[in-house]
There are 2 protein chains.
Amino acid sequence: MGIHASFEHFTRAAFGADPCAMRNSGLEAIAAPMAIERGRAAMIERSRDQIVYLLSGATKLAAAVSDDREQIVAFHFPGDIISIPADGVHSYLLAALANTEILVFPAREFFDIAAGDEAMARRLFDVLPSALHRCRDKAVALGRQNAAERLAGFLIAMAERIGRLEGSGCIIELPMSRRDISDSLGLTIETVSRQLSHLREAGLVETQGRSQVAIPNLEMLTRCAGHYAA
Amino acid sequence: MGIHASFEHFTRAAFGADPCAMRNSGLEAIAAPMAIERGRAAMIERSRDQIVYLLSGATKLAAAVSDDREQIVAFHFPGDIISIPADGVHSYLLAALANTEILVFPAREFFDIAAGDEAMARRLFDVLPSALHRCRDKAVALGRQNAAERLAGFLIAMAERIGRLEGSGCIIELPMSRRDISDSLGLTIETVSRQLSHLREAGLVETQGRSQVAIPNLEMLTRCAGHYAA
DNA sequence: CGCTTAATTGAGAGCCTTCAATCATCGTGG
DNA sequence: CCACGATGATTGAAGGCTCTCAATTAAGCG
């Protein structure tokens, strides 16, 4: 997709704004469209914060913690607006789970423009707190839940974001590998695999190939996620 | 502090705005000042997101995960702007580590006003991503670091936020208990205590009473935090 | 159909937790 | 000012959950 088509898609879908109205904002001038092949990391400037709009595909945002281990802090799907931190205590990278198209903006300039545009600001005040709250829920899972609860919570979250309902249940086509799942849940591949087997044996999920997961009863799985009600 | 004084303090400190200029924004009308005693939780509406401005004191934002365990997702100090999620998969509460004064706003109305005010929007586009990035760093720590690294990272972070420099080192007056620290790091009190003893034995920290921690050499402690450089 | 890569399963080790006891700190009252 | 008691912090021993290492099985692609 070219820069103009990408940008129009972006303004319309993300801000409900007429692209013509955004022409003079200077936003298009700082937008860098990029295509990322499945499995590759986006080549993004890491000395400053960046904002990314996900046009198509799916990505993960991960911190490198050692040569052969990472911690994924978020998965993203088309339409998502992603804030990517500059290198700090950890170094983050955005990698594609499938062939992906994105629009990259330097965060400072992006926010400068957004601060003066009510529609953009409004949308960002929806998106940023949501990302923050999701990240907090993840921190809670990583800090205080066991492997079984984390996996159940992960599947429920994926069901809500990319599952298609099927009666009282749901079918998910997972775009990420077991390694990605384990890197997201702060576990190992083996533990994820074992927990998934337990869920299978308990009849809470069924799997088809590597990526399809069926949840016959969402509520029963939700009960496994250990979400405490005060 | 009364509502007017609190509100003026807030507009000036948080947005660098002349309080008079904000008079007509309607912001003051939705501001609820509250005083929270040390150890108590703020009585805040939990069916909708809230924004809190911390005037004085110190707070923790924690998710209840069982009757006797919580996960702290952030600590806050005067001047901080805090986004508190409505009850979702977890129930969060804001509790005071010391006697605290706050200003509470319903998030939706707050953001409605902020979207039309460039100074407010600009400030929030600084604050919200910062909170998100800190939360991500916490998720990385909880998911992929061991007890020693988490405690070192915690002490370094506290040194940066509330420590006072002392030569090449730093002295911190911790406002939170060992339980709070363990609830923040996803560990137990005992593990935190043991790791702190290790740091003491290694000469990396010195403690005075329950709350004072001295770090003779910040760089050496930073090396213990296990922050991987790609 | 065979090969490569990913996922599953098993056994043993390690780190943190749990349970329990002791010690220190700090506010209170004599 | 010091003794005292209550709470918080530290230390120790044993157990559990997840990780590591290793082997096997399955999936997907040419």
Side-chain angles (χ1 to χ4, degrees), chain A residues 38-39 65-71 97-99 141-155 172-202 205-213 224 226, chain B residues 37-39 60 65-71 97-99 141-155 172-202 205-213 224 226:
Chain A
R38 171 193 161 86
V65 291
S66 72
D67 291 325
D68 62 346
R69 186 119 304 178
E70 64 184 18
Q71 175 64 48
L97 302 173
N99 291 339
L142 294 175
R144 288 287 179 231
Q145 298 193 276
N146 61 28
E149 292 168 331
R150 293 186 212 178
L151 182 59
F154 168 81
L155 291 173
I172 318 171
E173 208 67 45
L174 292 175
M176 70 288 283
S177 66
R178 296 286 185 277
R179 167 159 290 284
D180 287 329
I181 297 173
S182 66
D183 283 341
S184 169
L185 300 180
L187 301 169
T188 57
I189 294 177
E190 294 93 327
T191 298
V192 168
S193 189
R194 269 185 271 268
Q195 294 300 332
L196 194 58
S197 296
H198 293 166
L199 289 177
R200 244 189 316 253
E201 286 157 21
V205 308
E206 290 151 25
T207 57
Q208 186 89 218
R210 284 172 179 159
S211 58
Q212 192 182 90
V213 177
C224 298
Chain B
E37 265 175 64
R38 172 192 160 86
K60 61 178 177 182
V65 290
S66 72
D67 289 326
D68 62 347
R69 186 119 305 179
E70 63 184 18
Q71 175 63 49
L97 302 173
N99 292 340
L142 294 175
R144 288 286 178 231
Q145 298 192 275
N146 62 28
E149 293 168 331
R150 292 187 211 178
L151 182 59
F154 169 81
L155 291 173
I172 319 171
E173 206 68 45
L174 293 175
M176 69 288 283
S177 67
R178 296 287 186 275
R179 168 158 290 285
D180 288 329
I181 297 173
S182 66
D183 283 341
S184 169
L185 299 180
L187 301 168
T188 58
I189 294 177
E190 295 92 328
T191 298
V192 169
S193 189
R194 268 184 272 267
Q195 295 300 331
L196 195 56
S197 296
H198 293 168
L199 289 177
R200 244 189 316 253
E201 287 157 21
V205 308
E206 292 151 25
T207 56
Q208 187 88 216
R210 283 172 182 160
S211 58
Q212 191 181 91
V213 177
C224 299

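Just so we're on the same page: letters track the sequence lines, and every chain starts at 1. Values below: every heavy atom of this structure, side chains too, minus hydrogens, waters and symmetry copies. As the structure is a computational prediction, the values presented were derived from the model and not from experiment.
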Using a 4.0 Å heavy-atom cut-off, does A:Arg150 contact any base of the nucleic acid, only the sugar-phosphate backbone, or nothing at all?
nothing
Does a side-chain heavy-atom distance below 4.5 Å link B:Gln71 with B:Leu142?
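They are in contact (side-chain heavy atoms under 4.5 Å apart), so the answer is yes.
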B:Thr191 vs B:Leu185 side-chain heavy atoms within contact, under 4.5 Å
no
Got a donor-acceptor contact below 3.5 angstrom from the A:Arg210 side chain to the A:Leu174 backbone?
no
Keeping the roles fixed (side chain from A:Arg179, backbone from A:Ile189), state whether a donor-acceptor pair exists under 3.5 Å.
no
Can you see which heavy atom on [X] is nearest to which on [Y], and at what distance?
X	Y	result
B:Arg144	B:Glu149	O-OE1, 4.4 Å
A:Ile172	A:Leu155	CD1-O, 3.6 Å
A:Asp180	A:Glu70	OD1-OE2, 4.2 Å
B:Leu151	B:Leu196	CD2-N, 3.5 Å
A:Ala141	A:Arg150	O-NE, 3.3 Å

Bend angle of the helix from C:dC1-D:dG30 to C:dG30-D:dC1, end axes from five pairs each (to 10°):
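Comparing the first five pairs with the last five, the axes sit 40° apart.
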Footprint ends on DNA chain D, 5' to 3', for atoms under 4.0 angstrom from a heavy atom of chain B, come out as D:dT7 to D:dA13
Between A:Ser211 and A:Thr188, name the one whose nearest nucleotide on DNA chain D is closer to the 5' end.
A:Thr188
Atom CZ of B:Arg200 with >12 non-hydrogen neighbours under 6.0 angstrom
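More than 12 within 6.0 Å, yes.
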If the sugar-phosphate is the primed atoms plus P, OP1 and OP2 and the base is the rest, what is the B/S/- string for nucleotides 3-11 of chain C, using protein heavy atoms under 4.0 Å?
--BSSBBBB
